[in-house]
Structure formats: structure tokens, C-alpha cells
> 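After the C-alpha cells below, expect a handful of questions from me.
No hydrogens, no waters, no symmetry mates; every other heavy atom, side chains included, goes into these values.
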Amino acid sequence: MKQKILLTYVESGFGHISSMDSIYDALVDRFSSDEYEIEKSFILTEDGFPNLVKMNGFLIKQVQNTNKIPYFGRFVFPFIALLGGHKLLRFFHRQMAVKSFKQGLKALELRKPNIIISNHYFTDLLAVEYKRRIDPNVVVINYNPDPTLHTFWDRRDGIFIVDNPLAYKKAVKYKFKKENLRLVTPCVRKCIEDNNLTRDELRAKFDLPQDKFTVVIADGGYMLGRGPKFAKSLIKSGLPITLCVIAGDNKKRYDYFKAIEEGRGKLKVSPNMTFRTYGFLKNAYELYGAADVFLTKGGPNAVLDSVYMHTPVMINYCPHVIEAGTVKVFIGEHGVGETVYRRGKAVKRIRAFIKDKSPLLQYEENIEKLLAEGNGITAVADIVEEEAQKQRLVYESRGMIIGEDDGADKAQTESAQDSAEPAPDYNTDIRIAEDEDKPTKEGDVLR
């Protein structure tokens with residue numbers, strides 16, 4: 001039999017997708033297709049389970065709300081933490097949103113994974129519950145794509161990977177089991193790491209002027225933050241720059257700025273300025289690389305992409321604790337850019353950079369120091385391989401030889417059934433053991 005590695009994708013901001021893609025790239029390069037089956041799955045939508053699809057939409061909506069509703073994100077994270085964090089969300093999903101929870105377990109059961117990799121709290125919860133209820137032999141591995149850590153993550157089981165010391169300290173504070181914690185450097189996609197085009201070559205690729213100071217503005221995949229206001233202020237400034245706006249999946253924003261670009265909007269572009277509008281770009285990182293400055297909110301993966309393209313960042317908005325962590329790590333600790341929370345300051349700083357690029361050169365030097373620490377995907381692949389080898393030894397001790405398909409899958413299923421509790425009846429309420437959430441005797445780890 002082959003060991004099946006399942007990567008569970010969630011669109012909860014596009015950073016969750018890109019960080020999972022980075023892990024997928026590393027695993028495909030590392031593992032033999034004769035011994036491993038590596039499957040990527042948008043687990044919440046692929047099977048068309050109606051309540052699970054609704055949950056997917058709900059998660060997307062909350063991400064959008066944190067960006068467009070002032071102080072929503074700053075309220076919801078500490079509020080949920082105050083009410084119990086992961087225990088509250090576990091109760092919500094298992095008792096109040098129980099249909100989507102059952103369907104999530106069913107989606108995992110249909111795929112019969114040996115190893116589940118997640119990077120979102122909900123798929124992490126599903127993986128842990130799948131191990132507890134259906135297949136106790138499954139290995140659960142989580143990668144936290146954020147520069148800090150919130151309380152939503154289920155800490156009862158599974159390897160938990162963080163990509164910087166701040167997140168590691170938070171994990172210890174929240175009483176994750178130290179033997180389950182792993183610290184790596186941030187993970188970026190292979191296509192970005194392998195990029196070898198210069199800034200001039202990237203400008204030529206996008207047909208941008210070579211001799212103008214270039215600013216790229218993005219605001220997450222939904223463009224619901226402060227990006228549009230900053231873009232309008234820069235247009236009004238009339239600075240002799242190239243200004244590129246990436247509207248993402250927000251068609252309303254795209255149409256608005258495209259009208260300006262084509263001279264149909266009320267806002268007029270100075271003859272000194274080159275203005276371009278883009279929708280969602282799979283290769284947005286290349287446009288970041290064409291810029292002198294990338295102006296964006298504190299989304300950690302977009303900032304990381306820009307850093308790997310050797311472009312300093314200007315962060316203009318941090319709607320919640322995760323993106324505030326981006327500032328602490330990338331700006332405060334690594335010095336790869338600066339914050340500009342007011343539009344006037346952004347215009348002032350860019351005007352100053354046109355005259356004197358020396359601050360940007362210092363940021364670029366700091367970027368090189370950060371990149372010298374290496375891409376974390378290699379370390380993540382090492383962790384997955386180590387856990388897969390441990391699982392393989394367990395299988396082989398039971399007479400199940402990796403690579404043999406004749407009856408091996410059946411043997412694995414029978415072995416799991418022998419050692420597991422009866423599978424839950426999806427037509428009845430899922431039971432919750434009374435002692436499941438009680439502290440251990442030591443009182444330091446919640447199950």
C-alpha cells in the first residue's frame with residue numbers, strides 16, 4: 001500500500017492557500033510516487049456537502065469582515081480567547097454547527113488519509129476528531145502560517161509547526177505540548193524561491209516603465225482594507241511614479257480603478273504618473289518584484305512573498321492580532337520595511353524615497369539577511385518524512401508492506417477497525433465524552 005498524505009486547503013484569506021501550496025511543492029519534490037500518494041483537497045467544498053460548503057462561505061465572510069468592519073478583528077480574537085478559545089470553537093462546531101462538522105468528518109473518511117496536513121483551525125479540529133473517532137492511526141500535522149498564534153487551534157493532538165520564535169513562545173504560553181512543537185523558518189512557494197528575474201526584467205514582463213519609481217498596492221485577495229484610499233491619495237498626489245493596483249477578486253474595486261486607468265473615472269491621473277489596474281493575479285509576486293515598494297496590509301503571506309522578491313514593504317493596516325504580528329516580526333525584528341498607517345504619511349514617504357533611496361537599500365540588506373535563514377519548506381518536509389517513517393514502521397510491524405497494493409489497503413482498514421472505537425453514526429448526534437476537555441493531572445495541558 002502507499003501512504004496517503006492529504007493536504008487540506010481552506011480559503012480563509014488566500015495566504016492559507018499559498019502557504020499550503022509551498023508545503024505541497026516540497027512534498028512532491030521529496031517523496032517517491034511509488035511509496036506515497038500526495039493529495040491536495042479543498043476539503044470543505046469538493047464533495048458538495050451543503051452544510052460544509054456553507055461553513056466554507058461563513059469562514060470567508062469572517063475574514064472579509066475583519067478587513068472591512070473597523071475593529072471587528074480586534075474585538076473577535078480576544079473575545080473568543082476570553083470565552084475559552086479552542087474549547088469554545090470546539091463546542092460551536094460540534095454542537096451548534098454539528099451538520100457541517102459531521103460532513104467534514106465524512107469528507108476525511110472518504111479520502112482515507114494516513115497523514116493529514118492542515119493550516120487552519122477548523123481543518124485541524126476535523127483532523128484531531130477524525131483521529132479520535134474514526135482512525136486512531138492517522139498522523140495529524142499542522143502548519144501555522146501566521147507570524148503569531150491565536151487561541152483557536154486545537155492543541156490536544158498532532159505535530160504543530162510554527163515559523164518564528166514569537167509564535168513558538170505563544171504556543172508554549174497556550175500550553176501546547178512541547179514534544180509536539182516544531183520551529184521552522186517561514187515557508188514560501190517554490191516558484192517564488194526559484195525566481196531569478198531581475199526588477200528590470202519583471203518590469204519589462206509587465207510592460208512597465210524602467211525609469212520610474214514603482215509602487216504596487218494590494219490589499220489581500222478581497223481588497224477590503226485601506227488599499228483603495230491609499231491608492232486614491234497617491235493618484236491625487238500626482239507623483240511621477242508608476243502606480244499598480246491589484247484589486248484581487250473584488251470586481252467592484254477593479255472596475256472603479258480600471259475606469260480611472262482608462263480615463264473614464266472622475267479621478268484623473270497626472271501625465272507624470274503611469275497607472276495600471278489588475279484583477280486577481282496568480283503571479284502577483286512577480287509584480288511585487290517589479291516594484292521599489294510594496295504597499296499592503298499586514299497579511300503575512302503577501303509580505304513574505306514580497307520579501308522573497310527582494311522588495312521592501314510598507315504596511316498600512318493591521319485589522320487584527322495576526323497582522324499585528326506581521327509588523328512585530330517582519331518590521332520590528334527583521335526590518336524589511338516600515339508602517340504607514342496614514343495616507344498622508346505614505347505619500348510623504350514615497351516622495352522622500354524618490355529623492356533618496358538609501359532607506360530602501362537598508363531594507364533590502366535586511367531582506368537578504370532574512371532570506372539567508374532559508375525557506376522553511378525543507379524543514380517541514382523533513383518533519384513530514386520523519387512522521388511518515390514512524391508510521392511506516394508501525395504498519396510494517398503488522399505485516400503491511402509499503403508499496404504492495406494487493407490486500408494491503410484492506411489489511412490497513414481492518415487493523416484500524418480492530419484498534420478503534422466504533423465509527424460514529426452520522427445520523428445521530430456525535431457524543432462528547434464528559435472528561436474530554438478536563439485538564440490532565442499535571443494541570444498544564446488541556447486535552
Side-chain angles (χ1 to χ4, degrees), residues 9-20 44 54-81 89 119-122 144-152 215-234 244-257 277-281 284-285 287-288 293-306 313-331 337-343 345-346:
Y9 281 67
V10 178
E11 182 192 327
S12 181
F14 288 91
H16 283 272
I17 296 174
S18 60
S19 63
M20 191 63 86
L44 305 189
K54 288 180 182 178
M55 177 56 66
N56 182 72
F58 172 79
L59 294 174
I60 292 173
K61 187 66 176 179
Q62 302 322 302
V63 173
Q64 294 174 342
N65 286 340
T66 61
N67 286 280
K68 70 180 181 179
I69 301 176
Y71 302 106
F72 177 82
R74 295 182 185 180
F75 166 77
V76 71
F77 281 91
F79 180 72
I80 289 177
L89 291 174
N119 70 345
H120 186 273
Y121 88 86
F122 180 52
N144 173 43
D146 303 323
T148 187
L149 191 65
H150 54 66
T151 60
F152 296 7
V215 179
V216 172
I217 295 182
D219 208 14
Y222 313 115
M223 204 175 199
L224 293 172
R226 296 178 180 174
K229 293 181 178 179
F230 277 69
K232 286 188 280 188
S233 291
L234 283 169
C244 302
V245 172
I246 304 176
D249 275 342
N250 194 324
K251 188 176 184 303
K252 182 178 178 181
R253 301 289 196 205
Y254 174 80
D255 290 343
Y256 175 83
F257 285 110
T277 306
Y278 303 87
F280 184 82
L281 293 174
Y285 61 92
L287 193 58
Y288 306 163
V293 167
F294 178 44
L295 180 58
T296 185
K297 70 186 188 72
N301 282 280
V303 170
L304 182 63
D305 286 356
S306 180
V313 296
M314 298 176 73
I315 295 178
N316 65 359
Y317 184 40
C318 295
H320 49 69
V321 62
I322 293 172
E323 300 194 4
T326 303
V327 171
K328 289 181 181 179
V329 172
F330 286 98
I331 305 300
E338 58 189 54
T339 56
V340 284
Y341 297 133
R342 292 180 291 105
R343 288 175 284 170
K345 182 179 179 181

> Measure the OG1-CD1 distance between Thr326 and Ile315 for me, rounded to the nearest 0.5 Å.
6.0 Å
> To the nearest 0.5 Å, how far apart are CG in Leu304 and OH in Tyr285?
13.5 Å
> Considering only heavy atoms from C-beta outward, does the side chain of Phe294 approach that of Val313 to under 4.5 Å?
yes
> Asp255: which residues meet the salt bridge (Lys or Arg N to Asp or Glu O under 4.0 Å) condition with it, sequence neighbours left out?
Lys251
> Check whether any side-chain N or O of Thr277 sits under 3.5 Å from a backbone N or O of Phe257 as a donor-acceptor pair, and report yes or no.
yes
> Dump the intermediate steps for ring-ring contact (aromatic ring centres under 6.0 Å, His included) on Phe122 and His120, then the final yes or no.
CA-CA 6 Å; Phe122 180 52; His120 186 273; 7.1 Å; no
> Indicate yes or no for a side-chain donor-acceptor contact from Asn56 to the backbone of Ile60 under 3.5 Å, with no hydrogens or angles considered.
no
> Which value, rounded to the nearest 0.5 Å, describes the distance between Met223 atom CE and Ile246 atom CD1?
8.5 Å
> Kindly compute the distance separating CG (Leu234) from CG (Leu295), expressed to the nearest 0.5 Å.
7.0 Å
> For the pair Phe280 and Phe14, name the ring-plane relationship: parallel under 30°, tilted 30 to 60°, perpendicular over 60°.
tilted
> His320 vs Phe77 aromatic rings, parallel, tilted or perpendicular, using cut-offs 30° and 60°?
tilted
> Is any side-chain heavy atom of Leu59 closer than 4.5 Å to one of Leu44?
yes
> Taking the side chain from Thr66 and the backbone from Gly73, do they hold a donor-acceptor pair closer than 3.5 Å?
no
> Which donor-acceptor pairs under 3.5 Å do side chains of residues 225-232 form with protein atoms, sequence neighbours excluded?
{"from": "Arg226", "atom 1": "NH1", "to": "Asn316", "atom 2": "O", "distance (Å)": "3.3"}
{"from": "Arg226", "atom 1": "NH1", "to": "Tyr341", "atom 2": "O", "distance (Å)": "3.3"}

> Provide the closest heavy-atom pair for Cys318 versus Gly298 in the form atom of the first, atom of the second, distance.
SG-CA, 4.5 Å
> With a 4.5 Å limit on heavy-atom distance, are the side chains of Glu323 and Tyr317 in contact?
no
> Would you say that Thr296 contacts Tyr288 through its side chain, given a criterion of any heavy-atom pair below 4.5 Å between the two side chains?
no
> For residues Ile322 and His150, report the shortest heavy-atom separation together with the two atoms involved.
CD1-CD2, 3.6 Å
> Check the angle between the aromatic planes of Phe79 and Phe75 and answer parallel, tilted or perpendicular using the 30° and 60° thresholds.
parallel
> Any side-chain heavy atom of Thr148 sitting closer than 4.5 Å to one from Lys328?
no
> Do you know which two heavy atoms are closest between Gln64 and Leu224, and how far apart they sit?
CB-CD1, 3.5 Å
> Specify the closest pair of heavy atoms between Ser19 and Pro145, including all atoms of both residues, with the distance to one decimal.
OG-CB, 3.5 Å
> From Asn67 CG over to Phe72 CZ, what is the distance, rounded to the nearest 0.5 angstrom?
10.5 Å
> How far does CG of Leu287 sit from SG of Cys244, to the nearest 0.5 angstrom?
5.0 Å
> Applying salt bridge (Lys or Arg N to Asp or Glu O under 4.0 Å), can you list everything that pairs with Glu11, at least two apart in sequence or on another chain?
none
